[in-house]
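If you scroll down you'll find the structure; I have some questions about it.
Positions are given from 1, in the same order as the sequence printed here.
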Amino acid sequence: MEAESEPYVRLASLRQLHQVMADMNTARSLADTLQTVANGVVTALGYELACVNLVRPDGDLVVAAFSGNPAAEALITGRVGSRESWERRLSMGETWGDLIFIPHTEGWILDDDDVPQWYTDGPAPRFEDEWHPSDRLFAPMYTPAAPGGNGACGELIGVLSVDRPRNGRRPGAWGREALQMYAFQAAIAISNARLRANMQRALVRLEREQQALRASEESFRQAFEYAPSGMAIAEMGGDQHGRILRTNDALCRLLGRPASAMRRYSFSDLVHPEDIGTLLRTSAEGGRAELRLGRRDGTYLWVSLRNSVVADAADGPRFLLTHVEDIEDRKRRELQLAHRASHDSLTGLPNSAELRSRLSSRLCKRPQSTHPAAVDAMDAQGHPAFDTNGHGFDFRTDGAESFEAYDHHVHTVAPGEGARDDGTKGLAVLFCDLDGFKSINDRFGHNAGDAVLIEVARRLSRGVRDGDTVARLGGDEFVILADGLGSADAQDLAVRLRNEIIQPIRAEGRAVRVGASFGIGWAHCGMTADEVLKSADERMYVEKRSRPKQHRRAG
């Protein structure tokens, strides 16, 4: 491949690459697979030397296979490099996709570490992309079965290091892509070879220990242990209902927990607190649900869970057989779609619809009936009253009372302002309109305007508390929902946010400034979201008109 001009690659070269990849997956043992991986780099990818460094159980890497130079192979095969030294190598140099390239100008600091290496000195490169004998190129290999998305790699199983391209040049786009693809396929082949070796050892051991098992039990065991998706057996009925008795490797990998630890849990211990009801409704034969299970690192993974019932013997105890399938990618796509529907595409803030939804969720409805009981259920300001348990009441207009409970609803009220400030805390709604933004769009273009909006959104988000909402209503209008504030608190927040916004903003290579006008409204039960926003909007325009034009924007 080294003699070919990118991106034009001969079909014969592609066939050769395909053949070495096929050879990797048909090798009879792990040792054969590793040597085939090293040989394939030399025969198909155009490098003179290739080395497979395999991660050992203790975390260090051992030179497991070498190709291209018998003297170098005899010298370094079997030697070990520490994990610390390898992590140092993989964190420096240049990143070519998943590859790591360390040029000779930087690699000299690695000459004395404990990683086995073979290289010779040579003259300085004569042209820009000439390969130097001390250049280093590494292709990390990761397990392909890691759960999750966003391109995240699994566990490191080894590093493929190559040297001396036959054409004497650093690999271009095609060469890098080919090596990266080859390393990915090599990782699969090595993982499969390890799995086959482990399976063979397990089968031999189990055959010695469980010769008395019936053929049907052995068949079930193999299907359970080597299923590609997670499987578990749990107790059914009694005080220990749902306690996990046995798990397969796939489920342990999925949740990042060893089998010994899994036996200390039931599924109710692992499920996300919000999904416990879903789990309880699923704990029956034929039950199926989508829920989140906790991993060892504290994160949660979306899975599809399906139950069936099996018996230990004809009339023996019954167990729950649970099939667990990873659906994290699908759920992530669904959540991304939902996020895009409820958030502004430019700033990433909640959009107008999401803002109104969050605001409406805090407000209970005003009773519409003139029934005497409805009047009695309203407070002095005409807001819905609540019983001693915090429940609100609504009334039908046909003369018959009906009660609508707002369970756990906290009655939203507006604090007094100015001299009337009574210390009450409420839900403040700050309506923010940028001053001078249109002139930036007109003078410097919409790209500059977009950069200003993005930076203003960042500053607003940075200036509020966790739990507060910053939303983009549209154009250059933003809204902040801040709960638990008094009148003076809201004024202080508006001043702080305005001071943040008026600082210079870099947009299209220049510093620009915008000002901000804030109107503070207060949400209280009985109002609609639109009424609350309109109140804050009107106060913003009062505040904007009250200030001289030259003071609306600093600089």
Side-chain angles (χ1 to χ4, degrees), residues 342-344 346-363 412-418 421 424-438 440-441 449 452-465 467-503 505 513-549 551-554:
S342 61
H343 286 70
D344 176 50
L346 177 65
T347 64
L349 296 178
N351 59 19
S352 175
E354 178 66 12
L355 170 68
R356 285 173 166 81
S357 174
R358 295 186 186 185
L359 184 53
S360 297
S361 68
R362 285 296 317 277
L363 304 174
T412 303
V413 297
E417 300 181 55
D421 191 345
T424 302
K425 304 294 185 180
L427 176 57
V429 181
L430 282 68
F431 198 109
C432 172
D433 181 80
L434 301 183
D435 301 327
F437 175 77
K438 183 177 183 300
I440 294 176
N441 263 343
V452 169
L453 292 175
I454 292 171
E455 177 59 18
V456 168
R458 188 187 69 82
R459 294 181 183 183
L460 289 173
S461 299
R462 185 181 60 191
V464 299
R465 305 165 302 177
D468 292 344
T469 293
V470 178
R472 184 186 178 200
L473 198 59
D476 60 349
E477 295 178 336
F478 298 84
V479 173
I480 297 94
L481 303 183
D483 204 357
L485 298 186
S487 178
D489 299 329
Q491 292 289 347
D492 290 343
L493 176 60
V495 171
R496 291 200 309 272
L497 295 179
R498 181 185 293 113
N499 290 338
E500 285 288 331
I501 291 174
I502 65 176
Q503 300 303 316
I505 297 174
R513 291 175 180 262
V514 292
S517 298
F518 282 85
I520 302 174
W522 295 95
H524 60 76
C525 289
M527 298 179 70
T528 65
D530 286 336
E531 289 172 343
V532 176
L533 293 174
K534 181 180 179 182
S535 172
D537 186 23
E538 290 173 348
R539 297 191 183 198
M540 182 274 297
Y541 276 106
V542 170
E543 194 268 349
K544 183 186 289 284
R545 289 192 294 268
S546 68
R547 289 186 295 127
K549 184 175 182 180
H551 293 160
R552 296 178 192 167
R553 178 169 60 90

Quiz item: For I501 and G515, which heavy atoms make the closest approach, and how far apart are they?
Solution: CG2-O, 4.2 Å
Practice problem: Any chance you could lay out the salt bridge (Lys or Arg N to Asp or Glu O under 4.0 Å) test for E531 and K534, step after step, and finish with the verdict? | Solution: CA-CA 5 Å; E531 289 172 343; K534 181 180 179 182; over 6 Å; no
Practice problem: Output the distance between atom CG (D492) and atom OG (S487), rounded to the nearest 0.5 Å. | Solution: 9.5 Å
Self-check item: Smallest separation among heavy atoms of L485 and A490, with atom names
Solution: CD1-CA, 4.1 Å
Quiz prompt | Beyond-backbone contact of F518 with V495, side-chain heavy atoms, under 4.5 angstrom | solution = no
Quiz item: Can you tell me how far CG of L359 sits from CG of L427, rounded to the nearest 0.5 angstrom?
Solution: 6.5 Å
Quiz item: Is a side-chain N or O of S357 found less than 3.5 angstrom from the main chain of A353, in a donor-acceptor match?
Solution: no
Quiz item: If you take all heavy atoms of A482 and L493, which pair is closest and at what distance?
Solution: CB-CD2, 4.1 Å
Quiz item: Counting distance only, does the side-chain N/O of E500 pair as donor-acceptor with the main-chain N or O of R496 below 3.5 Å?
Solution: no
Practice problem: Specify the closest pair of heavy atoms between F431 and L533, including all atoms of both residues, with the distance to one decimal. | Solution: CD1-O, 4.0 Å
Practice problem: Applying side chain to side chain donor-acceptor pair (under 3.5 Å), name anything that partners D489, two or more places apart in sequence or on another chain. | Solution: K425
Quiz item: Which distance, rounded to the nearest 0.5 Å, do you find between the OG of S461 and the CD1 of I480?
Solution: 9.0 Å
Practice problem: With rounding to the nearest 0.5 Å, note down the distance linking CG in L497 to CD1 in I502. | Solution: 11.5 Å
Exercise. With I440 as reference, evaluate V452, L453, L434 under the side-chain contact (heavy atoms from CB on, under 4.5 Å) test and give the passing residue.
Key: V452
Quiz prompt | Heavy-atom pair of closest approach, residues A536 and G521 | solution = CB-N, 3.7 Å
Exercise. Decide salt bridge (Lys or Arg N to Asp or Glu O under 4.0 Å) for R459 and E455; before the verdict, give the C-alpha distance in whole Å, the side-chain angles of both, and the deciding distance to 0.1 Å.
Key: CA-CA 6 Å; R459 294 181 183 183; E455 177 59 18; 2.8 Å; yes
Exercise. Using atom types as modelled and distance alone, determine if a side-chain donor or acceptor of R465 lies under 3.5 Å from a backbone N or O of D483.
Key: yes
Self-check item: Minimal non-hydrogen separation, M527 against W522, with atom names
Solution: SD-O, 3.9 Å
Self-check item: Note, R356 side chain near L473 side chain (heavy atom, < 4.5 Å)
Solution: yes
Practice problem: Output the distance between atom CG (L460) and atom CZ (R472), rounded to the nearest 0.5 Å. | Solution: 12.0 Å
Quiz item: Passes side chain to side chain contact (heavy atoms under 4.5 Å, CB included), R539 versus I520? Steps please.
Solution: CA-CA 6 Å; R539 297 191 183 198; I520 302 174; 5.5 Å; no
Self-check item: S517 versus D433, side-chain donor and acceptor atoms under 3.5 Å
Solution: no
Practice problem: Compare all side-chain heavy atoms of D537 with those of M540 and state whether any distance is below 4.5 angstrom. | Solution: yes
Quiz item: Would you say V532 and L363 make side-chain contact, with heavy atoms under 4.5 Å?
Solution: yes
Quiz item: Got V456 and I505 here, is their nearest side-chain heavy-atom distance under 4.5 Å?
Solution: yes
Quiz item: So, R358 and T469: side-chain donor and acceptor under 3.5 Å apart, yes or no?
Solution: yes
Quiz prompt | Side chain proximity check, L481 to R362, heavy atoms < 4.5 angstrom | solution = no
